[in-house]
Amino acid sequence: MNKLVKSYIIKQNVTENQMKWIKGEVSMGNVRVRFAPSPTGYLHIGGARTALFNWLYAKHNNGEMILRIEDTDLERLKEDSVSQIISSMKWLGITWDEGPEVGGDYGPYFQSQRLDNYREACDRLLAEGKAYYCYCTPEELEANREAARKAGLPPRYSGRCRQLTAEEVERFNAEGRKPVVRFKVPTEGVTVVNDIIRGEVTFDNTILDDFVIMKSNGIPTYNFAAVVDDHAMGMTHIIRAEEHLSNTPKQILIYKALGYDIPQFAHVPMILAPDRSKLSKRHGATSVEEFREQGYLPQAIVNYLILLGWSPEGDNEIITLEQAVKEFSLEKVNKSAAIYDTTKLTWLNGVYMRDLPLDEVVKHALPFYIKEGLIPEGYSVQDIQRVKEVAEKVREREKTLVDLAKASSYFFRFDYTYEEKGVNKYFKKDGAADILRKGIGALKAVYEFTIENTEEAYRKLIEETGVKSGDLFHPTRLAISGRTTGPGLFDIMVLIGKEETIKRMEKAVEYIEKANFAV
RNA sequence: GACCCCGUGGUCAAGUGGUUAAGACAUCGCCCUUUCACGGCGGUAACAGGGGUUCGAAUCCCCUCGGGGUCACCA
């Protein structure tokens with residue numbers, strides 16, 4: 001048992017069962033965690049990492065992962081966002097046991113469909129005097145905040161409506177004011193958040209003001225809805241980003257007021273942009289969808305995300321989801337924010353590009369071949385086969401699917417221009433055309449156009465003529481691919497075929513002689 | 001501004017009082033090689049600063065500084 005767990009036991013009144021559970025004396029099958037995004041845009045990598053950690057924790061403990069959509073802010077709601085988030089999660093391989101599309105016993109899983117629950121809980125608080133109606137207008141509130149700011153005081157709500165007289169209430173109602181409901185925060189004492197990752201964090205209740213739990217339109221605020229739902233849905237662990245740590249005391253106060261058991265919290269560190277600021281659109285790719293479009297594989301992204309804030313045992317950083325599930329623990333999640341660095345992601349992507357089964361890579365690569373115009377949108381089995389043959393050789397040396405498709409183009413068409421650097425270096429060399437002609441001759445004599453046979457023909461030619469191998473290989477490569485880099489020369493030849501290879505080489509001879517480089 | 005969290009190389013990240021302070025990515029050099037990549041070998045590079053505590057601090061405490069978060073009828 002580690003220190004954290006020990007201190008937890010001391011600090012909280014854990015039940016005997018919980019104690020057994022912590023000690024590992026009972027099998028853990030009751031862990032329930034959730035990922036609760038608000039549908040205001042794409043799933044960004046921070047959210048994806050949070051979802052992933054929840055998922056890993058659930059799987060590690062044989063528990064359940066719930067997906068809940070927090071769509072209580074009508075104004076920021078974005079069309080399609082839910083389906084975007086869902087598709088990104090699916091693409092990454094993060095599943096959920098309950099939630100949209102799969103249902104479950106604790107639904108509905110959209111907060112907009114659970115309004116009755118919040119109303120009910122709110123009424124109870126109201127009836128018990130733990131919350132009250134507030135008739136202050138946004139303008140009044142803003143004016144107060146402004147005044148406080150000027151006075152150098154924290155912008156807190158005054159508590160003015162805590163005890164309104166019946167006449168005042170009547171007057172406000174007559175004015176047509178629609179009240180909000182505020183939670184009565186204790187005016188003294190402290191609230192302690194016991195966080196698995198951060199330990200014990202203490203907040204003074206006096207720094208909290210009477211925050212709104214129900215808006216005037218009858219919709220709950222985040223801090224209230226989250227608590228009501230997390231309890232109703234039986235959440236045992238709340239794993240979320242650190243930005244919520246400061247909200248947690250408010251939520252704990254609500255848990256207590258409602259008489260709910262308090263779940264365990266784990267606030268994972270934030271993921272920051274390269275300039276150390278919070279992730280936003282101006283930082284380039286930040287959403288899972290964008291990374292996908294840039295040619296990253298889900299396996300690479302997931303692996304990268306696992307490494308941000310958590311590290312596996314040992315030196316090996318290439319880790320599958322299965323291994324991660326086996327090893328994952330919240331205690332090992334570190335506390336400091338991480339800056340995401342696409343360089344390492346790109347490296348990982350390269351690793352997965354060459355290590356994943358070819359079919360898997362091709363599956364993800366197809367859209368990029370289409371985009372590059374190498375295969376038609378309504379591609380055929382033959383097209384897939386061709387992509388496979390090419391990708392098998394090209395994937396070894398490329399790091400993203402975009403690069404893979406780009407580096408594959410000359411296998412599909414002969415419309416390239418020769419790389420200038422290569423022309424200068426190889427085509428302009430004395431006797432280049434002549435050597436190419438000899439190469440053509442040698443290749444023409446090859447019956448079965450295989451890697452071994454073509455290579456043998458070339459080796460023999462080198463031996464017979466005494467030309468340096470580079471003087472033959474380099475111009476040939478440039479002639480048949482237009483480039484100075486790529487897969488093995490004979491791999492290329494065989495892939496494009498004898499006829500095409502010779503045709504391209506003849507074209508190159510023609511090009512060299514027409515350009516008349518020899519000055 | 002108040003409150004909260006965090007601070008090991010450029011980035012990720014081991015490390016829980018005694019280590020030559022791991023490893024990965026990036027970077028540089030060499031090797032392999034028909035090119036590029038892969039791979040192999042090696043190099044540069046870090047405990048934010050200052051005080052304590054201790055025989056001994058990256059590890060414990062305090063202060064400073066720096067970064068981040070929260071203070072909404074957003075989530």
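Hydrogens, waters and symmetry mates play no part in the numbers below; they use all other heavy atoms, side chains included. Numbers restart at 1 for each chain; the letters A, B, ... are given by sequence-line order, proteins then strands.
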For the residue pair Arg483(A) and Tyr416(A), would you count it as a cation-pi contact if the rule is NZ or CZ under 6.0 angstrom from the ring centre and within 45 degrees of the ring axis?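 Judged by the rule (NZ or CZ under 6.0 Å from the ring centre, within 45° of its axis), Arg483(A) is not positioned above Tyr416(A).
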
Between the side chains of His267(A) and Arg198(A), does any donor sit under 3.5 Å from an acceptor?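 No, Arg198(A) and His267(A) have no side-chain donor paired with an acceptor closer than 3.5 Å.
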
Indicate whether any N or O donor in one side chain lies under 3.5 Å from an N or O acceptor in the other, for Asp229(A) and Gln111(A).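 A pair is found: one side chain offers a donor N or O, the other an acceptor, under 3.5 Å apart.
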
Just jot down the side chain to side chain contact (heavy atoms under 4.5 Å, CB included) partners of [X], sequence neighbours excluded, or say none.
{"X": "Lys326(A)", "result": "none"}
{"X": "Val82(A)", "result": "Pro39(A), Ile69(A), Ile86(A), Phe110(A)"}
{"X": "Arg145(A)", "result": "Leu141(A), Glu142(A), Arg149(A), Pro155(A)"}
{"X": "Ala131(A)", "result": "Leu125(A), Leu126(A), Val181(A), Ile213(A)"}

Check every atom of rA13(B), rC6(B), rC36(B) against the side chain of Arg397(A) and return the nucleotide holding the closest atom.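 Of the candidates, rC36(B) comes closest.
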
Of the nucleotides rU11(B), rC12(B), rA37(B), which has the atom closest to the Asp341(A) side chain?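 The listed nucleotide nearest to Asp341(A)'s side chain is rU11(B).
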
Within residues 462-480 of chain A, residues whose heavy atoms come under 4.0 Å of RNA chain B: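 Here the set is Phe473(A), His474(A), Arg477(A).
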
Enumerate the residues from residues 309-319 of chain A whose closest heavy atom to RNA chain B is under 4.0 Å, giving them by residue number; use none for an empty result.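 Here the set is Gly309(A), Ser311(A), Asp315(A), Glu317(A).
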
Sequence neighbours excluded - ring pair (Phe, Tyr, Trp, His ring centres under 6.0 Å) pairs with any residue from residues 186-230 of chain A: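 Listed once each, the pairs are Phe183(A)-Phe211(A), Tyr222(A)-His244(A).
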
Where along nucleotides 70-75 of chain B does protein come under 4.0 Å, by heavy atom, of base (B) or sugar-phosphate alone (S), with - for untouched nucleotides? S-SBBB

Per-nucleotide protein contact string for nucleotides 27-32 of chain B (B base, S sugar-phosphate only, - none; heavy atom under 4.0 Å): ------

Can you tell me the Watson-Crick or wobble partner of rG7(B), both distances under 3.5 angstrom?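 Paired with rG7(B), as far as the under-3.5 Å criterion goes, is rC65(B).
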
Could you work out, with salt bridge (charged side-chain N to carboxylate O under 4.0 Å, His left out) as the rule, every residue matching Glu398(A), not counting sequence neighbours?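 Checked Glu398(A) against salt bridge (charged side-chain N to carboxylate O under 4.0 Å, His left out); zero matches.
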
For nucleotides 62-67 of chain B, give me every protein contact, N/O to N/O, under 3.5 Å, one pair per line with atom names.
{"residue": "rG67(B)", "atom": "O2'", "partner": "Arg276(A)", "partner atom": "NH1", "Å": "2.9"}

Applying side-chain hydrogen bond (donor to acceptor under 3.5 Å, both in side chains), name anything that partners Arg477(A), two or more places apart in sequence or on another chain.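 With sequence neighbours excluded, Arg477(A) shows a side-chain hydrogen bond (donor to acceptor under 3.5 Å, both in side chains) to no residue whatsoever.
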
